[in-house]
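It should be emphasised that the depicted structure is a prediction, and the values quoted were computed from it without experimental measurement.
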Amino acid sequence: MANSVIKVGPEQINKMESYYTKNKIEKTPPGAVFSAKVNGCTITAYKSGKVLFQGNSAESEAAQWGTAAPTIKKQPSLAKAPNGYQPPANISSLSILGSDEVGTGDFFGPITVVAAYVKSNQIDLLKELGVKDSKNLKDPQICEIAKDLIQTIPYSLLVLHNEKYNELQQQGMSQGKIKALLHNQAINHLLKKIEPEKPDGLLIDQFAEPGVYFRHLQGKKVYKENIYFSTKAEGIHLAVAAASIIARYSFIQEFDKLSQKAGVIIPKGAGAQVDIAAAKIIQKKGSEFLTSITKKHFANTEKANKIARK
């Protein structure tokens, strides 16, 4: 989907709001003055003065009101750290493809992995949309922000359901290897999607040492040009924060489907409440059904069986 961003003053935003009065829509993202939809184009004006146009007619619709916001000039890349994979100090201002995953520590639900591409001239826009470390956002906020994000940036989403996860795990594959394969696949899908454009770099939210990550991917197609790893990468570049938000949004949707399927409100995580909910599912639908919606090798499986037998 095409998108265009312009920067205007308060008076211009008032004029735009008046012009689009008949086309206004009720739901607006955080920090927005108004949203409207006309001729297949969604217009969202923010308090900061930035106005986002999304849709096939985005450029022509935006041209009525002003010129596109200036692109942030790319700064030269800094030298890498001795390990070769530490992000450069100026990474937050570059065009980066970031990847993250959700659900690896949850007994119920799938693993969702997302790679997202954020160009340097979209960074301010994503801040306006409320993109930040998803750990500082509640699920309803994540869902609202994600709905805007998926219309704004290119991304690749992979969902590994529990039955396939259990099959891979029983074949002797570690969770680390499963994650590495998913990240690599999502990254390759997205690189293909944005061709011929190339990101300034790749940033992976680190779950393994780089050497271990690459060993997991032996024999696979791996993009290694300017690839960086960091823990807490959501705070280093908004591409990873965006990937995490979209992954969480997908995870929440999948979780809701599982709750409906199980007939029980399923708690997230892997604590005592999860054991109790799992025991109820065993009593209602049996152990085999429980296995189909959980990560079987977690200790919760045995705990739930003990509770169900009481």
Side-chain angles (χ1 to χ4, degrees), residues 80-88 91 96-118 133-135 154-195 198-251 254 269-270 294-298:
K80 295 181 187 177
N83 68 10
Y85 300 110
Q86 184 175 320
I91 192 170
I96 294 295
L97 189 156
S99 67
D100 202 358
E101 85 285 331
V102 171
T104 56
D106 293 85
F107 180 53
F108 288 102
I111 293 175
T112 56
V113 175
V114 169
Y117 180 45
V118 176
D133 189 334
S134 64
K135 295 178 187 68
Y155 69 95
S156 174
L157 164 68
L158 296 177
V159 179
L160 181 66
H161 294 285
N162 298 101
E163 288 174 308
K164 183 64 177 177
Y165 173 88
N166 289 332
E167 181 186 322
L168 294 173
Q169 198 274 331
Q170 286 167 356
Q171 289 172 5
M173 197 176 290
S174 68
Q175 194 183 84
K177 181 164 185 174
I178 292 170
K179 287 195 284 187
L181 291 167
L182 290 170
H183 275 260
N184 188 59
Q185 190 177 348
I187 288 167
N188 283 336
H189 284 175
L190 186 52
L191 286 168
K192 186 76 177 171
K193 191 181 285 189
I194 66 173
E195 282 182 346
K198 278 189 175 184
D200 294 328
L202 268 61
L203 178 61
I204 297 172
D205 191 53
Q206 187 170 336
F207 53 86
E209 289 299 317
V212 174
Y213 175 83
F214 291 122
R215 278 200 298 276
H216 286 323
L217 298 175
Q218 282 181 351
K220 303 291 182 183
K221 180 184 176 184
V222 183
Y223 185 92
K224 291 186 179 181
E225 192 175 332
N226 295 329
I227 184 168
Y228 310 114
F229 296 83
S230 178
T231 56
K232 300 180 181 178
E234 290 178 69
I236 293 175
H237 197 283
L238 287 183
V240 180
S244 179
I245 287 170
I246 297 171
R248 182 72 180 178
Y249 176 52
S250 173
F251 180 77
E254 294 294 334
T294 61
K295 299 173 184 70
K296 184 181 177 181
H297 67 104
F298 277 33

Donor-acceptor pair, distance only, cut-off 3.5 Å: does the side chain of [X] make one with the backbone of [Y]?
{"X": "Lys295", "Y": "Gly103", "answer": "yes"}
{"X": "Asn226", "Y": "Asp200", "answer": "yes"}
{"X": "Gln175", "Y": "Thr104", "answer": "yes"}

Note to self: Does Lys135 form a side-chain contact (heavy atoms from CB on, under 4.5 Å) with Ser244? I'd like the steps, not just the answer.
What the structure shows: CA-CA 9 Å; Lys135 295 178 187 68; Ser244 179; 6.0 Å; no

Can you tell me how far apart [atom1] ([X]) and [atom2] ([Y]) are? Round to the nearest 0.5 Å.
{"X": "Thr112", "Y": "Leu158", "atom1": "OG1", "atom2": "CG", "value": "9.5 Å"}
{"X": "Leu190", "Y": "Tyr223", "atom1": "CG", "atom2": "OH", "value": "11.0 Å"}
{"X": "Ser156", "Y": "Ile194", "atom1": "OG", "atom2": "CD1", "value": "11.0 Å"}
{"X": "Leu203", "Y": "Ile96", "atom1": "CG", "atom2": "CD1", "value": "6.5 Å"}
{"X": "Ser134", "Y": "Ile246", "atom1": "OG", "atom2": "CD1", "value": "11.5 Å"}

Are [X] and [Y] close enough that some pair of their side-chain heavy atoms sits under 4.5 Å apart?
{"X": "His237", "Y": "Ser230", "value": "no"}
{"X": "His297", "Y": "Tyr165", "value": "yes"}
{"X": "Ile204", "Y": "Ile187", "value": "yes"}

Give the minimum heavy-atom separation between [X] and [Y], together with the two atoms involved.
{"X": "Gly105", "Y": "Ala270", "answer": "O-CB, 3.7 Å"}
{"X": "Tyr117", "Y": "Leu97", "answer": "CD1-N, 3.9 Å"}
{"X": "Gly201", "Y": "Tyr228", "answer": "CA-CE1, 4.3 Å"}
{"X": "Ala233", "Y": "Val240", "answer": "O-CB, 3.7 Å"}
{"X": "Asp100", "Y": "Ala247", "answer": "O-CB, 4.5 Å"}
{"X": "Val159", "Y": "Ser250", "answer": "CG2-OG, 3.6 Å"}

Item checked: Which residues share a salt bridge (charged side-chain N to carboxylate O under 4.0 Å, His left out) with Glu167, sequence neighbours left out -> Lys164

Next item on the list: Verify side-chain contact (heavy atoms from CB on, under 4.5 Å) between Asp106 and Phe251, making sure each step is shown before the conclusion.
Entry: CA-CA 10 Å; Asp106 293 85; Phe251 180 77; 3.7 Å; yes

Next item on the list: Test Leu217 against Leu181 for side-chain contact (heavy atoms from CB on, under 4.5 Å), laying out the working first.
Entry: CA-CA 7 Å; Leu217 298 175; Leu181 291 167; 3.8 Å; yes

Margin query: Using 30° and 60° as the class boundaries, would you call the ring planes of Tyr85 and Phe229 parallel, tilted or perpendicular?
Written below: perpendicular

Notebook entry, point to check: On the ring face of Tyr155, is Lys193 found with NZ or CZ under 6.0 Å from the centre and within 45° of the axis?
Noted result: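 Yes, a cation-pi geometry.
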
Note to self: Under 6.0 Å from the ring centre and within 45 degrees of the ring axis: does the NZ or CZ of Lys224 meet both conditions for the six-membered ring of Phe214?
What the structure shows: yes

Margin query: Test: side chain to side chain donor-acceptor pair (under 3.5 Å). Region: residues 176-192. Which pairs qualify, not counting sequence neighbours?
Written below: Ser99-His183, Glu101-His183

Note to self: Run the side-chain contact (heavy atoms from CB on, under 4.5 Å) test on Val113 and Leu160 for me, step by step, so that the C-alpha distance in whole Å, both residues' side-chain angles and the decisive distance to 0.1 Å come before the verdict.
What the structure shows: CA-CA 8 Å; Val113 175; Leu160 181 66; over 6 Å; no

